[in-house]
Amino acid sequence: MKLSELNKGDRAIIKKIDSSEDLKRRLASFGVVRGSELSVEACSIGKQTMEIMVDDTFIGLRAEEAEEIEVEKI
Amino acid sequence: MDTIKIVLAGQPNVGKSMLINAMSGSNGLKVGNFSGVTVEKTELCFEHHCHMFEMVDLPGTYSIRGFSQEEKVAHDYLVNEDYDVIINVLDSTHLKRNLLLTLELLKLNKKMVVALNMADEAKKEGIEIDVKQIEKIIGVPVVLVSANTKEGVEELLEKVHEVADSHERIKSNILYSDAMEEEILAIESFLDQKGFALRDLSNREIAIRLLFEDKDIYKELHDEPIMMELQPIILKALQHLYTHHDTKNVQEIKANEYHAIARGIHLETVKCQRDRGKKSLTKQIDEVLINRYLGIPIFLFLMWGLFQLTFTLGAIPMDLIDGAIGTFGDWVGSNISNEFMRNVIVDGIIAGVGAVLLFLPNIIILYIGIALLETTGYMSRVAFLLDGFFHKFGLHGKSFIPLVTGFGCSVPAYMAARTLKSEKDRLITLFIIGFMSCGARLPIYVLFTGAFFGADKAGNILFLIYISGAMLGLVMAKILRVVVFKGEDEPFVMEMPKYRFPSFTLIWHTVYNNAKSYVKKAGTFILGASVLIWVLATYPNQPILEQEYQAKIEQSSKEEAKKLENQLKMKKLEMSYLGQIGKASEPFFEPLGFDWKMTVALETGLAAKEVVVSTLGVLYAIGDEVDENSNALARELKKNISFASAISFIVFVMIYLPCLAASMVFAKEAGGYKYLAYLFVFTTVTAWVFSFITYRILV
Ligand SMILES: Nc1nc2c(ncn2[C@@H]2O[C@H](COP(=O)(O)OP(=O)(O)O)[C@@H](O)[C@H]2O)c(=O)[nH]1
Ligand SMILES: [Mg+2]
């Protein structure tokens, strides 16, 4: 399942990240890597952007980026 | 006295700037912002134990491999420049994530001290950190500090002394995953057996770099015979790592390893007693501020409030300043007997500079507002809220930050665009920042709306001007995106920092520095421009014309004489250098309904927007005997300019090229004067077309 399909309040574990190298590195520096646990904190209107929390860090993402992250809901 | 050069590195929002303030305390000798070619770093010197401390505050970086322009600046500085000690600043409440950067910095093999900042906040959140244990693991001194309460700051300074003076490093005890350690050992023992040594690197370090496919180490080893034997060992090792990590991407393997280490250190050294079920304050605030439905209305309300404050609160001291400048001018005038000098000083300098100082209160309020947005952590939320909307126009949510700054002044706005990583997003943002009317254009709007709409409607019209400028900017962004800067968008991935109470010192520093540079500009640049314009409007002398009129005036009645005198002044002005310039370019502006005086005012505005008003003051103040205060000027404008021309003029001012200082910064940030030429054509054509349409509709 894709991160973009989750809703506010959902929790999940990251299975795979399909982004470009640059973006992967940026995500990694936020603590977003395979195996990290995340929760969805907020979505903007029409789910154009979503806020997730990983390790006490809040991160804003656009739907396009969230689509490239494969997760498993828990 | 010895100098110790220190570089502060750390992720954004960990409190580097604040820590620098705390460390220098009242000993700070020199604070300043240096903008070199690409480096925007703050430097500061102070004395401590008979050493000169020279501090460089680099922009925050999440990772040492550049993602955004700012990170490249930091990276290049760390790798290429000469310095003694790195202070790596960490946020104690986000230790795990911050340690990732520390691990990368350790690879630089420089002298380093780790400062765990925000100790006060960590204590409040029930986080306990075993500093000695971290020290043991990473092999560099670690100090727990708080820039806020100043605890640990003295110890940090001592540690910097120690590290700067010592020559040996403590061994680090960083352990990788089992698979990785196994392969490191294999390579390391092979290198040991061969008795191999390279620079100051240990064989373990060489092994690690080989496994992480560090390009530099491969380059260095390329011609070494040992490489031949090493190759099969490395290949076998990599195979092992690939299966262990389930990927063939070495970057990913490296990221995984680093994460595992950071997690390990965190587990081993941090005890957290916060009960998990409790919602953090940031979460609670976010429930409201980035609420799906409330978020945007709240934001719009806050922006509206900020502009209201800027104009209403700012108007109070304005009258005082206006009066003071007038009185000062009269007083100076009455003390200078030489007529020429009096004219230069009172009509040129005091009038010109005064017109600019008048707007200092507005500027200060606007900057306080922007600084508040920034330090509280709300700015990132706004980027989050607006990204969807901005994205439709080909912009990035983060473009919001430079664009809002643009309402204050375009110069810092152009620099703020560096947070954008994609070159195209950055250029589009740079090109449309000018559409966000800067503080210096405000006097022109105030003057014209006051004159043509009356005081009661002026406020709304003003708001309309700002909004339509911004809207036009968005449309232009879309056009640029579709026509010129095609291609991939920058991803939107952004940290939403914790909400914090704004720090008074930090805000005071930003606002004070901005206000200071505004006043400095008034005292230097605008002063010079005012004198120049006054000279251009006064010379060359017209002795023949004057004699002619003098003769006529003497023969006529008192009433007549007055009229003739004004006629003379007008004629002289028309024949002055300024008049000649205006006349020459008049045909270009005629279709827009501008006379030569308005044309001249616009052209002087290229130097600085504040000058437009003072030029109009000089050019239209003719019929008036007493003073040039803005009311009188407004009356003159209303008498001489048609409504259609006035609106067309406002439209042109909204769109055309920003001031000289801003244009220079634009050229630097965009990457060359070529872009400035584009900007000039782009804004002039747009301004001309829109003014033309406005004029034709209204006339
Ligand atoms: N509680 C607390 N807040 C801090 C401390 N140091 C910095 N801050 C706050 O953290 C925010 C970011 O600080 P700043 O110096 O701008 O961080 P920089 O981006 O690393 O330069 C500001 O709101 C500061 O007031 C600290 O030691 N304790
Ligand atoms: Mg800073």
Side-chain angles (χ1 to χ4, degrees), chain A residues 2-4 6-11 13-72 74, chain B residues 11 61-68 71 93-94 96-97 100-101 104 245-247 249 251-252 254-256 258-260 262-263 266 280 282-283 286-287 289-293 295-296 377 380-381 383-389 391-392 396-397 421 488-498:
Chain A
K2 285 173 180 151
L3 172 56
S4 52
L6 296 183
N7 289 310
K8 188 176 165 189
D10 286 350
R11 307 175 62 79
I13 288 186
I14 297 174
K15 288 283 138 199
K16 197 158 154 248
I17 302 176
D18 265 330
S19 323
S20 68
E21 281 305 308
D22 266 359
L23 184 54
K24 250 191 226 167
R25 205 179 303 132
R26 165 55 59 98
L27 286 169
S29 64
F30 285 145
V32 180
V33 286
R34 197 165 50 129
S36 325
E37 193 183 317
L38 63 83
S39 59
V40 179
E41 297 296 328
C43 299
S44 65
I45 296 179
K47 250 200 196 174
Q48 288 159 323
T49 43
M50 57 202 300
E51 189 190 44
I52 60 170
M53 189 174 84
V54 176
D55 280 347
D56 271 347
T57 299
F58 294 88
I59 302 152
L61 287 170
R62 201 183 272 158
E64 280 99 334
E65 276 74 61
E67 244 167 60
E68 297 173 340
I69 299 174
E70 193 79 36
V71 296
E72 194 182 284
I74 49 171
Chain B
Q11 297 197 340
T61 48
Y62 285 108
S63 135
I64 200 168
R65 296 285 196 86
F67 181 83
S68 69
E71 297 191 340
T93 61
H94 287 117
K96 203 191 297 177
R97 174 163 58 88
L100 294 172
L101 179 67
E104 289 184 23
H245 284 281
D246 194 22
T247 171
N249 185 329
Q251 286 309 320
E252 217 171 309
K254 190 171 163 185
N256 287 343
Y258 276 16
H259 268 273
R263 210 174 299 144
H266 185 88
S280 71
T282 296
K283 252 186 182 172
D286 264 353
E287 288 287 336
L289 288 188
I290 57 172
N291 180 288
R292 182 187 297 235
Y293 305 107
I296 292 194
S380 318
R381 266 71 182 189
F384 174 83
L385 286 171
L386 293 184
D387 182 71
F389 178 69
H391 196 48
K392 290 204 174 67
H396 193 273
K421 179 222 159 205
E488 290 267 310
D489 297 348
E490 175 184 349
F492 180 86
V493 177
M494 201 177 175
E495 187 195 350
M496 305 280 126
K498 214 185 285 182

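So you know, we letter chains A, B, ... as the sequences are listed, proteins then strands, and number each from 1.
Rounding to the nearest 0.5 Å gives a distance of 8.0 Å between CZ of A/F30 and CD of B/Q11. Atoms CZ and CD, on A/R25 and B/Q251 in that order, are 5.5 Å from each other to the nearest 0.5 Å. Put simply, CE on B/M494 and CZ on A/F58 are 15.0 Å apart, with the number rounded to the nearest 0.5 Å.
Contacts of B/E104 with chain A are absent, with no heavy-atom separation under 4.5 Å from either backbone or side chain. Contacts of A/I17 with chain B are absent, with no heavy-atom separation under 4.5 Å from either backbone or side chain. Residue contact with chain B, scored on non-hydrogen atoms closer than 4.5 Å, involves the side chain of A/M53 exclusively. Contact of B/H391 with chain A is made through the side chain alone, with heavy-atom distances under 4.5 Å. Using a 4.5 Å cut-off between heavy atoms, A/E51 touches chain B through backbone and side chain atoms alike. In this structure, no portion of B/N291 lies under 4.5 Å from any heavy atom of chain A.
B/I290 and A/A42 get closest at one heavy-atom pair: CD1-CB, 3.8 Å. Pairing each heavy atom of A/S29 with each of B/Y62, the nearest pair is OG-CB, 3.5 Å. The two atoms that bring A/R34 and B/H245 nearest to each other are NH2-O, 2.7 Å, heavy atoms only.
Within the 4.5 Å cutoff, side-chain heavy atoms of B/D387 are placed close to those of A/R62.
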**OP:** Could you walk me through whether A/D56 and B/T93 pass the side chain to side chain contact (heavy atoms under 4.5 Å, CB included) test, one step at a time?
**Re:** CA-CA 9 Å; A/D56 271 347; B/T93 61; over 6 Å; no

**OP:** Would you check, one step at a time, whether the test side chain to side chain contact (heavy atoms under 4.5 Å, CB included) holds for B/S63 with A/R26?
**Re:** CA-CA 7 Å; B/S63 135; A/R26 165 55 59 98; over 6 Å; no

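Counting heavy-atom pairs under 4.5 Å between each of A/K47, A/E65, A/Q48, A/M50 and chain B puts A/E65 at the top. Note on B/I296, B/L101, B/L385, B/N249: by heavy-atom pairs under 4.5 Å with chain A, the leading option is B/N249. Among A/S44, A/G46, A/C43, A/S20, the residue with the largest count of heavy-atom pairs under 4.5 Å with chain B is A/C43. The greatest number of non-hydrogen atom pairs below 4.5 Å with chain A, out of B/E495, B/H259, B/K498, is found for B/H259.
Salt bridge annotation for A/D55-B/R97: absent, with no cationic side-chain nitrogen under 4.0 angstrom from a carboxylate oxygen. Remark: A/K8 engages B/E287 in a salt bridge, criterion side-chain N to carboxylate O under 4.0 Å.
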